[in-house]
Amino acid sequence: MSKNILVAVAWPYANAEIHVGNITGAYLPADIFARYHRLYGNHVLMVSGSDAHGTPITVRADAEGKSASEIYKNFHNGFLNLFMQLGITYDLFTTTRSENHFEISQTIFKRLLDNGYLYRETEKQWYSPNENRFLPDRYVEGTCYLCGYENARGDQCDGCGSILDGKKLVHPRSRTGNLSLELRDTEHFFLDLAKLAPQISEYLAKDKTHWRSNVIKPSRYTVNEIGLHGRAITRDLDWGIPVPLHEWDGKCLYVWFEAVIGYL
Ligand SMILES: [Zn+2]
């Protein structure tokens, strides 16, 4: 009897060209797997698409003086061309800008909220009074509080290689325009991962012999020993899927939360 086989291929980020390592690492193996199952007589659905949101795309758009929309469309069309030329046989290759993706992501957000899996928390974030907006970490530069390097980014220092807490940067400034910044309160929704820990722990405990040990071991260790913590699923950004609530204008769903929903 034929089986249904879903091939869920990684979503390329639409801010850079695909290189040959991406082809051999992700797209070609998936295509071989899909072709094998089609020949075998199984029903195959091979899906993926361009990941079109997030700061890597807006940063690139600002650098090139283009809109984020132009940037993602340009790379998305390039991906389609490349896959067709190589003969990669997707059944569906879409983008996270589709109407369907917006609707499903916002529906899942609302359902998590209604069922008590989201909570709100206020945190400090750099705000640019001149630009009238909060700035994500990648938009903030300043002096590293660990090594004194003057061009550290909000999330990372290229001088000493450390991951930084953007709020502690010395002499913070906006990447675009060298403007001075101030810390302001901003409220966000967090996914209450700790609440899901019992179910995840149970899921990881059984029938995982087909998982690689370097995946299953750290997964179990994180859930059972370190413990899960809430993680923000919204951010102050105007390029993305809007938070589907009144009075949350200017905030979008975090790309780590919504991109994976693209498979649905
Ligand atoms: Zn440093």
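All values reported here derive from a predicted model rather than from experimental measurement. Atoms within a ligand are numbered from 1 in the order they appear, just like the ligands themselves.
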Please work out whether the ring planes of Y90 and F93 are parallel, tilted or perpendicular, with thresholds of 30° and 60°. tilted
May I ask you to say whether E187 pairs ionically with R120, meaning some side-chain N is under 4.0 Å from a carboxylate O? yes
Is D31 salt-bridged to R35, going by a charged N under 4.0 Å from an acidic O? yes
Name all residues meeting the salt bridge (Lys or Arg N to Asp or Glu O under 4.0 Å) criterion together with K208; count only those two or more places apart in sequence or in a different chain, and write none if there are none. none
Selection residues 188-204 - residue pairs positive for side-chain hydrogen bond (donor to acceptor under 3.5 Å, both in side chains), sequence neighbours left out: T186-H188, H188-T234, H188-D236, S201-N224
Partners passing salt bridge (Lys or Arg N to Asp or Glu O under 4.0 Å) against R231 (at least two apart in sequence or in another chain): none
Closer than 2.8 Å to the Zn ion (ligand 1), which protein N, O or S atoms? C144 SG, C147 SG, C157 SG, C160 SG
